[in-house]
Amino acid sequence: MTLPRRFPDRDEVVAVRADAERLEPGEESAEKRRLAGRVLARRGHGKLVFLDLVDRSGRLQILCDESRTGTVDLDLGDVVGVTGSPARTRRGEPSLAVDALELLAKNRRPLPDTFHGVTDTETRYRQRYLDLLMNEETRADFLLRTRLVSAIRRQLDAAGFVEVETPVLQPRYGGAFARPFVTHHNELDTDLYLRIATELYLKRLIVGGLERVYELGKDFRNEGVSFKHNPEFTMVEWYEAYADYEDTMVRVEELVAAVAREVLGTTEVEFRAHRLDLAPPWRRLGFVESLEEHRLWTRDAEDLERRLRERDVDTRQDRDWPQLVDHAFSHFVEPSLLEPTIVRDYPVEISPFARLRDDGSGLVERFEYFVGGMELGNAFTELADPDEQAARFAQSAAQADGEQGDPDYVEALAYGMPPTGGLGLGIDRLAMILTGRESIRDVILFPALRERP
RNA sequence: GGGCCGUUAGCUCAGCUGGUAGAGCAGGGGACUCUUAAUCCCAAGGUCGAAGGUUCGAAUCCUUCACGGCCCA
């Protein structure tokens with residue numbers, strides 16, 4: 001059987017449905033329209049066959065009178081192209097009354113249960129095409145994610161940012177605390193790392209005078225998998241010359257709200273059974289104050305460890321103060337940050353790229369922002385002084401899993417980086433918030449799984 | 001890495017204190033010109049995740065492993 005190579009001049013299901021809805025029950029339009037899609041239901045009635053046709057835009061009943069179309073010999077899951085007229089059945093169902101029907105692709109496997117769809121999580125992830133085919137919500141969520149990504153680009157482009165591409169394969173990794181994936185370049189005979197962040201390259205472009213840059217793409221972190229972690233994930237980072245972290249706070253809360261309005265039509269979302277409003281201004285909370293509320297703010301490692309143990313926290317994995325304070329924050333503060341919250345002014349010891357405040361507090365101009373008890377991103381007034389950056393790298397290298405340092409980056413700073421506000425935003429997590437999905441695997445088309453045995 | 005739960009037909013699920021593996025949908029054959037989880041009739045469909053063990057007898061009990069999920073780290 002030779003199948004057609006093309007099916008031109010196709011209309012969308014949603015458009016034909018709108019035409020059909022304007023008709024009276026029993027009426028058929030004189031117009032001719034063409035549709036193509038997947039047959040996902042069949043209700044045979046002798047020489048009259050009702051099929052449900054699904055394309056990306058929606059679902060519509062098509063009505064095949066075999067005295068008009070000839071014999072309809074189809075299985076569920078076949079892809080067909082049809083020509084016919086918008087119509088409404090006597091019962092009032094919007095339909096397309098078909099004149100001609102051609103098979104465009106044959107389904108050779110039984111389709112999953114057409115009523116329950118595919119619910120087995122493993123099948124949904126490993127055979128995402130079945131999930132997309134059978135589950136309308138899945139299709140809607142991934143289309144939402146696509147609109148989210150283009151809305152972010154549109155917002156940043158409109159604000160005068162230029163989108164750039166920096167290396168995924170890097171001789172040094174940096175810009176975040178994370179273990180990298182390592183690979184090898186044969187010709188250069190050198191190990192390379194898959195980037196854990198785009199930060200250090202983007203700031204080189206600020207030194208280079210591009211003024212407002214962003215990059216939206218994959219980062220890779222060789223760490224655990226959880227409801228909010230996938231080893232490869234999508235992040236947008238932007239850097240804005242002549243701005244500080246206060247400017248950046250306003251920019252991110254406005255951007256997230258604008259994006260939500262664009263893709264959802266509202267800033268109100270429901271996540272983990274909480275109604276949340278993404279509209280600015282977001283709540284501001286000092287990092288130190290957030291820990292003081294739990295009587296967990298101290299810069300003394302032994303003291304902090306003792307206080308954590310009193311609260312039955314297992315600190316055996318924490319090797320120094322930076323890890324302890326991070327543990328304290330993520331255990332006691334982060335889960336409580338449901339409404340959008342900006343946590344600001346972090347200790348310098350855990351912030352190697354942020355500029356110090358002028359008040360001698362040992363805190364830096366850095367904020368992280370949280371929604372639904374989950375970190376969405378991280379931002380600073382960038383540290384521009386090359387000597388201090390070199391000193392921070394040295395300090396960080398002495399810490400457990402700290403930054404390894406990047407002399408080329410320090411050299412770039414020596415040429416003078418303008419005052420700069422920079423930010424990272426986790427796209428997958430924002431997609432979780434906007435779709436209400438509680439697992440990152442439900443907003444990544446092909447999430448990381450073990451190889452099937 | 002640890003704890004708990006799950007894995008039975010293509011899919012969604014039953015299967016009791018161990019006693020001959022079931023249903024619905026899908027797929028096959030047939031009837032039916034307004035159905036919409038269409039309906040009706042017929043036939044078919046299984047390495048019960050894998051490997052061991054206990055037992056006269058294991059989908060069921062035990063052990064190990066694999067994969068997935070949730071929680072903790």
Side-chain angles (χ1 to χ4, degrees), chain A residues 13 17 20 23-28 38-54 58-78 84 87-98 106-136 138 179 222-230 272 308-309 311-319 323-324 326-328 330-332 334-335 373 401 437-442 446-453:
Chain A
V13 156
R17 169 178 282 278
L23 303 170
E24 296 297 320
E27 192 183 351
E28 180 178 330
R38 187 78 74 161
V39 175
L40 285 189
R42 179 193 172 103
R43 295 175 293 280
H45 216 288
K47 301 287 180 216
L48 188 63
V49 180
F50 301 89
L51 304 173
D52 282 355
L53 188 74
V54 175
R59 179 184 277 249
L60 183 70
Q61 173 171 280
I62 65 175
L63 180 57
C64 303
D65 182 338
E66 289 191 328
S67 65
R68 230 164 116 175
T69 61
T71 305
V72 176
D73 180 22
L74 291 173
D75 294 320
L76 292 191
D78 287 351
R88 271 182 102 158
T89 61
R90 286 172 216 162
R91 288 281 186 85
E93 179 72 21
S95 307
L96 186 81
V98 175
K106 185 69 191 166
N107 174 31
R108 294 162 205 279
R109 295 285 173 96
L111 227 45
D113 190 303
T114 50
F115 184 62
H116 298 94
V118 183
T119 59
D120 179 69
T121 47
E122 194 172 345
T123 306
R124 292 205 300 114
Y125 301 151
R126 290 196 198 274
Q127 292 176 277
R128 182 68 89 182
Y129 49 92
L130 290 179
D131 187 26
L132 288 165
L133 216 52
M134 304 306 297
N135 298 325
E136 210 171 314
T138 301
R179 289 204 303 276
N222 202 344
E223 297 185 341
V225 175
S226 81
F227 76 93
K228 57 179 177 177
H229 296 95
N230 196 63
R272 299 197 147 204
L308 285 170
R309 285 193 170 153
R311 290 161 177 75
D312 291 326
V313 176
D314 180 357
T315 56
R316 281 174 299 181
Q317 306 285 327
D318 303 320
R319 285 177 286 167
Q323 292 193 332
L324 285 164
D326 181 68
H327 195 164
S330 53
H331 192 276
F332 288 98
E334 181 169 351
D401 293 331
R437 295 282 192 168
E438 293 176 13
S439 169
I440 199 168
R441 297 183 193 96
D442 287 326
F446 298 100
L449 297 176
R450 272 178 218 278
E451 203 173 352
R452 196 169 4 201

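Predicted model only: the values in this text are computed from it and were never measured. All heavy atoms count here, side chains included; hydrogens, waters and symmetry mates do not. Chain identifiers are assigned alphabetically (A, B, ...) following the order of the sequence lines, protein sequences preceding nucleic acid strands; residue numbering begins at 1 within each chain.
- For Arg441(A), counting side-chain heavy atoms from C-beta on, the closest listed nucleotide (G68(B), G69(B), A73(B)) is G69(B).
- In this structure, of C11(B), U33(B), C34(B), it is C34(B) that holds the atom nearest to the side chain of Phe50(A).
- With P as the reference atom, C11(B) and U47(B) are 12 Å apart, rounded to whole Å.
- Regarding Asp131(A), its CG atom lies at a distance of 16 Å from the C1' atom of G10(B), rounded to whole Å.
- Checking C11(B), U33(B), A37(B) against every side-chain atom of Pro112(A), the shortest atom distance belongs to C11(B).
- For the pair Arg109(A) and Tyr129(A), the cation-pi criterion (under 6.0 Å, within 45° of the ring axis) is not fulfilled.
- Looking at the side chain of Leu449(A), the nearest of the listed nucleotides C25(B), G68(B), A73(B) is G68(B).
- Side-chain proximity of Lys47(A) to the nucleotides U33(B), C67(B), C70(B) is greatest for U33(B).
- Of the listed nucleotides (C34(B), G68(B), A38(B)), A38(B) has the atom at the smallest distance from the side chain of Arg43(A).
- Residue-to-nucleotide contacts include a donor-acceptor pair under 3.5 Å from the side chain of Asp113(A) to the base of G24(B).
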Check nucleotides 27-30 of chain B for protein N or O atoms closer than 3.5 Å to its own N or O atoms and list the pairs.
from: G27(B); atom 1: OP1; to: Leu76(A); atom 2: N; distance (Å): 3.3
from: G28(B); atom 1: OP1; to: Asp75(A); atom 2: OD1; distance (Å): 3.0

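- A salt bridge links Asp52(A) to Arg43(A): at least one charged side-chain nitrogen sits closer than 4.0 Å to a carboxylate oxygen.
- If you run side-chain contact (heavy atoms from CB on, under 4.5 Å) between Thr138(A) and each of Leu132(A), Val118(A), Leu130(A), only Leu132(A) comes through.
- Among the nucleotides C25(B), U36(B), G69(B), the one closest to any side-chain atom of Thr121(A) is G69(B).
- Closest to the side chain of Arg450(A), from the set C67(B), G69(B), C13(B), is C67(B).
- Each of Gln61(A), Glu28(A), Arg17(A) was scored for a side chain to side chain donor-acceptor pair (under 3.5 Å) with Ser95(A), with one residue passing: Gln61(A).
- To the nearest angstrom, P of A31(B) lies 15 Å from NE2 of His45(A).
- Across U55(B) and C40(B), the matching P atoms stand 49 Å from one another, rounded to whole Å.
- Closest to the Asp314(A) side chain, of the nucleotides U12(B), A73(B), U33(B), is A73(B).
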